[in-house]
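These notes are about the structure you will find just below.
These numbers come from the heavy atoms of this one structure, side chains and all, not from hydrogens, waters or symmetry mates.
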Amino acid sequence: LLPQIAVRCPQLAILSLNYCSISAPILGQLADQFLQNHPPCRISYLSSKSIIPFYTYEFDHLLGKFGQIRSLKKLYLFPQLYGYPGANDDERAQVAEELYRRCCQTLRTLRRQDLELL
């Protein structure tokens with residue numbers, strides 16, 4: 001049902017789905033629906049923080065899809081620091097920073113430096 005939001009609310013500009021345990025494949029379907037909307041969607045802010053981070057390949061997949069939505073300016077997908085693997089906050093911060101750097105590189109590859117990723 002979630003992907004249908006894009007079809008039923010074509011003027012939707014802001015969507016927050018934080019801590020709803022929405023899987024990466026469902027978010028990918030939502031992105032597909034935004035991309036298929038005619039007239040083009042107006043979504044500019046999407047937040048879907050989870051308790052734990054998605055797998056790296058899931059981030060790559062989601063960024064590939066959401067990066068195609070030109071109206072999107074802010075994308076929030078990263079959980080709080082405690083959600084990352086590691087024995088302490090320093091280790092968790094290292095994991096989070098590495099994932100963030102990788103995602104920023106993906107956005108550069110997509111020529112989407114204008115998309116704020118948090």
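When all heavy atoms are compared, the tightest approach of I14 to I43 is N-CD1, 4.0 Å. The heavy-atom pair separating L62 from G28 by the smallest distance is CD2-N, 3.6 Å. In terms of heavy-atom proximity, A6 sits nearest to Q33 at CB-CB, 3.6 Å. A pairwise comparison of heavy atoms in P79 and S50 identifies CB-O, 2.9 Å as the closest pair. Closest heavy-atom contact between S48 and N18: N-OD1, 3.5 Å. Heavy atoms only, all atoms of each residue included: E91 and N88 are closest at N-OD1, 2.8 Å.
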Inset, instruction - Kindly indicate, with the supporting measurements, whether the criterion side chain to side chain donor-acceptor pair (under 3.5 Å) is fulfilled by R108 and Q105. - result: CA-CA 5 Å; R108 278 191 294 280; Q105 178 59 42; 2.9 Å; yes
Legend entry - Working for side-chain contact (heavy atoms from CB on, under 4.5 Å), residues L72 and Y45: CA-CA 6 Å; L72 191 61; Y45 172 100; 5.7 Å; no
Legend entry - Candidate pair Q113 and L107, rule side-chain contact (heavy atoms from CB on, under 4.5 Å), full reasoning: CA-CA 6 Å; Q113 292 92 331; L107 290 178; over 6 Å; no
Legend entry - Worked check of side-chain contact (heavy atoms from CB on, under 4.5 Å) between T56 and D60: CA-CA 6 Å; T56 302; D60 290 341; 4.2 Å; yes
Inset, instruction - Please assess R42 against L12 for the test side-chain contact (heavy atoms from CB on, under 4.5 Å), listing each intermediate value before the final yes or no. - result: CA-CA 6 Å; R42 298 181 124 186; L12 185 67; over 6 Å; no
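Side chains of R112 and Q68 form no contact here, defined as non-hydrogen atoms less than 4.5 Å apart. Inter-residue side-chain proximity for P40 and S71 is flagged as unmet; no heavy-atom pair is nearer than 4.5 Å. F59 is listed as a side-chain neighbour of P53, based on a closest heavy-atom distance under 4.5 Å. The shortest side-chain heavy-atom distance between E97 and V95 does not fall under the 4.5 Å cut-off. The side-chain heavy atoms of L115 and L110, taken from C-beta on, include no pair separated by under 4.5 Å. Side-chain contact between L118 and L75 is absent, with no heavy atoms from C-beta onward closer than 4.5 Å. At least one side-chain heavy atom of C41 sits less than 4.5 Å from a side-chain heavy atom of I69.
Under the 4.5 Å side-chain heavy-atom criterion for grouping Ile, Leu, Val, Met, Phe, Trp and Tyr, L2 is not connected to Y76 through any hydrophobic cluster. Note on I22: it clusters hydrophobically with L77, by side-chain heavy-atom contacts below 4.5 Å among ILVMFWY residues. I26 and L30 end up in the same hydrophobic cluster when Ile, Leu, Val, Met, Phe, Trp and Tyr side chains are linked at under 4.5 Å. Cluster membership check: L27 shares its hydrophobic cluster with Y100, using side-chain heavy-atom separations under 4.5 Å among Ile, Leu, Val, Met, Phe, Trp and Tyr. In this structure, L99 is a member of the same hydrophobic cluster as L63, with clusters built from ILVMFWY side-chain heavy atoms closer than 4.5 Å.
With a 6.0 Å radius and a threshold of 12 heavy atoms from other residues, nucleotides or ligands, I52 has its CD1 atom at or below the threshold. The 12-atom threshold is not exceeded at OH of Y55, counting heavy atoms of other residues, nucleotides or ligands nearer than 6.0 Å. The environment of R111 atom CZ is sparse: at most 12 non-hydrogen atoms of other residues, nucleotides or ligands sit within 6.0 angstrom.
Between F66 and F34, the ring center distance fails the sub-6.0 Å criterion.
Between R92 and D90 there is no salt bridge, since no side-chain nitrogen of the basic residue lies less than 4.0 Å from a carboxylate oxygen of the acidic one.
With values rounded to the nearest 0.5 angstrom, C104 atom SG is found 10.0 Å from E116 atom CD.
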